[in-house]
Visitor: 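One structure follows; several queries about it will come next.
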Amino acid sequence: MSELFQLYILFFRMGAVTFGGGYAMLPILRREIIESRRWMDEETVMDYYALSQGLPGIIAVNVAVFIGYYRKKVPGALAAALGVVSPCVLIITVIYYLLTGFQDNPYVRHALAGISVCVVALILDAILSMWKKGVKDIPCVVICAAAFVISAFTSFSPILLVILCAVVGILLRTLAASRAAGQKGGEGK
């Protein structure tokens with residue numbers, strides 16, 4: 001089976017079960033891309049995921065495009081993007097044409113309530129995974145806490161918040177690197 005078709009099918013399957021958006025796909029990405037297929041390492045996937053959050057558009061599609069491009073350039077990006085959106089298009093089309101009163105159906109409401117609970121668990125799993133990989137020291141904890149407070153308790157733009165955190169991260173790491181270089185240079189004298 002060609003890798004382009006594998007990309008399409010893999011992301012089709014993810015798109016079919018990723019209720020709750022891009023956060024819910026992280027455990028699946030880890031299992032399928034990193035552990036099963038060994039197409040990428042966890043750090044690269046997490047970098048693509050973090051970058052996708054700061055870009056316009058749907059996180060799941062952005063991640064699919066990055067991973068597809070990494071594997072097979074533009075054709076891979078297209079295959080992965082089409083794969084992740086195809087289930088949504090199919091499901092919405094079927095619901096629109098075949099089911100009337102869908103949202104009033106008690107079974108559907110109950111099923112969606114159950115799915116919502118599952119999505120919360122998947123998001124918590126994604127948060128823990130991202131915490132382990134991204135929050136490595138005290139400055140990271142401070143940035144994370146500040147970003148949480150700003151996003152939870154103000155109407156500050158999430159896009160600007162991501163950009164602001166990126167700038168702060170660059171400044172802190174650059175400052176730490178220059179201090180380390182200064183200490184190393186001072187030791188040799």
Side-chain angles (χ1 to χ4, degrees), residues 1-95 108-136 140 143-144 147-148 151-152 157-159 161-163 165-166 169:
M1 176 173 12
S2 80
E3 192 169 330
L4 287 175
F5 187 66
Q6 287 181 36
L7 280 165
Y8 177 83
I9 294 298
L10 172 65
F11 281 98
F12 183 95
R13 287 192 348 233
M14 276 190 227
V17 297
T18 306
F19 293 93
Y23 299 110
M25 80 186 298
L26 269 177
I28 302 169
L29 280 173
R30 189 178 324 117
R31 185 181 65 242
E32 296 292 334
I33 301 294
I34 299 165
E35 294 169 7
S36 295
R37 289 175 176 75
R38 301 189 192 285
W39 281 351
M40 308 171 93
D41 60 33
E42 187 159 2
E43 187 173 335
T44 304
V45 171
M46 295 310 286
D47 287 346
Y48 285 162
Y49 190 84
L51 182 59
S52 294
Q53 290 178 328
L55 294 174
I58 301 166
I59 294 171
V61 174
N62 293 346
V63 171
V65 167
F66 280 127
I67 292 172
Y69 187 83
Y70 179 87
R71 296 299 302 171
K72 288 294 191 179
K73 302 298 181 212
V74 172
L78 289 171
L82 287 172
V84 82
V85 300
S86 293
C88 299
V89 171
L90 291 172
I91 291 168
I92 290 168
T93 303
V94 167
I95 290 170
V108 172
R109 284 198 321 259
H110 298 317
L112 291 174
I115 289 170
S116 296
V117 172
C118 179
V119 167
V120 169
L122 292 172
I123 290 171
L124 286 174
D125 179 54
I127 289 169
L128 291 174
S129 174
M130 291 178 76
W131 179 270
K132 291 174 188 172
K133 293 293 176 189
V135 182
K136 299 176 181 179
C140 290
I143 292 170
C144 182
F148 173 75
S151 69
S157 166
I159 295 168
L161 183 59
V162 169
I163 293 168
C165 289

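A quick note: this is a predicted structure, and the numbers were derived from the prediction, not measured.
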Visitor: What distance do Arg37 atom CZ and Glu32 atom CD have between them, rounded to the nearest 0.5 Å?
Guide: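 These two atoms lie 5.0 Å from each other.
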
Visitor: Hey, could you give me the CG/CG distance between Asp41 and Asp47, rounded to the nearest 0.5 Å?
Guide: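 Those atoms lie 8.5 Å apart.
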
Visitor: Pro158 versus Val162: any side-chain heavy-atom pair under 4.5 Å?
Guide: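 Answer no - side chains too far apart.
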
Visitor: As an exercise, state the distance from CZ of Arg30 to CD1 of Ile34, rounded to the nearest 0.5 Å.
Guide: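 CD1 of Ile34 is found 7.0 Å from CZ of Arg30.
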
Visitor: How close do Leu4 and Ala79 get, counting heavy atoms only, and between which atoms?
Guide: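 Closest approach of Leu4 to Ala79: O-CB, 3.6 Å.
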
Visitor: Please find the pair of heavy atoms, one from Pro87 and one from Gly83, that lie closest to each other, and give the distance.
Guide: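 Heavy atoms of Pro87 and Gly83 come nearest at CD-O, 3.1 Å.
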
Visitor: Could you tell me which non-hydrogen atom of Cys88 sits nearest to which non-hydrogen atom of Gly15, and how far apart they are?
Guide: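 It is SG-O, 4.5 Å.
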
Visitor: Output yes when a side-chain donor or acceptor of Ser129 lies under 3.5 Å from a complementary backbone atom of Asp125, and no otherwise.
Guide: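 No.
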
Visitor: How long is the gap from CE on Met46 to CE on Met40, to the nearest 0.5 Å?
Guide: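 Output value for this atom pair is 12.0 Å.
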
Visitor: Drop me the distance from Leu55's CG to Ile159's CD1, to the nearest 0.5 angstrom.
Guide: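 It is 9.5 Å, given to the nearest 0.5 Å.
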
Visitor: Can you give me the closest heavy-atom contact between Gly68 and Ala80, atom names plus distance?
Guide: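 So the minimum-distance heavy-atom pair works out to CA-CB, 4.0 Å.
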
Visitor: Tyr70: which residues meet the ring pair (Phe, Tyr, Trp, His ring centres under 6.0 Å) condition with it, sequence neighbours left out?
Guide: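 By the ring pair (Phe, Tyr, Trp, His ring centres under 6.0 Å) rule, Tyr70 matches no residue at all.
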
Visitor: For the residue pair Tyr8 and Phe12, does the interplanar ring angle fall in the parallel (under 30°), tilted (30 to 60°) or perpendicular (over 60°) class?
Guide: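 Tyr8 and Phe12: tilted rings.
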
Visitor: Taking all non-hydrogen atoms of both residues, which atom of Leu26 and which atom of Ala126 are closest, and how far apart?
Guide: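 Distance-wise, the nearest heavy atoms are CD1-CB, 3.3 Å.
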
Visitor: I would like to know whether Ile59 and Tyr49 meet side chain to side chain contact (heavy atoms under 4.5 Å, CB included); could you show each step before the answer?
Guide: CA-CA 8 Å; Ile59 294 171; Tyr49 190 84; 3.7 Å; yes

Visitor: Just checking Ile58: does its CD1 atom have more than 12 heavy atoms from other residues, nucleotides or ligands closer to it than 6.0 angstrom?
Guide: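 Incorrect, the count does not exceed 12.
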
Visitor: State which residues pass side-chain contact (heavy atoms from CB on, under 4.5 Å) with Tyr69; sequence neighbours excluded, sorted by chain then number.
Guide: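 By the side-chain contact (heavy atoms from CB on, under 4.5 Å) rule, Tyr69 matches Lys73, Val74, Ala77.
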
Visitor: Compare all side-chain heavy atoms of Tyr48 with those of Leu29 and state whether any distance is below 4.5 angstrom.
Guide: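 With C-beta onward as the side chain, the pair stays apart.
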
Visitor: On a heavy-atom basis, which atom in Leu161 and which in Ala147 lie closest, and how many Å separate them?
Guide: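 Between these two residues, the closest heavy atoms are CD2-O, 3.5 Å.
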
Visitor: Going from CD1 on Ile33 to CD on Glu42, what distance comes out if it is rounded to the nearest 0.5 angstrom?
Guide: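 CD of Glu42 is found 12.5 Å from CD1 of Ile33.
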
Visitor: Checking Cys140 now: which residues fulfil side-chain contact (heavy atoms from CB on, under 4.5 Å) with it, not counting sequence neighbours?
Guide: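 Cys140: side-chain contact (heavy atoms from CB on, under 4.5 Å) contacts with Val135, Asp137, Arg173.
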
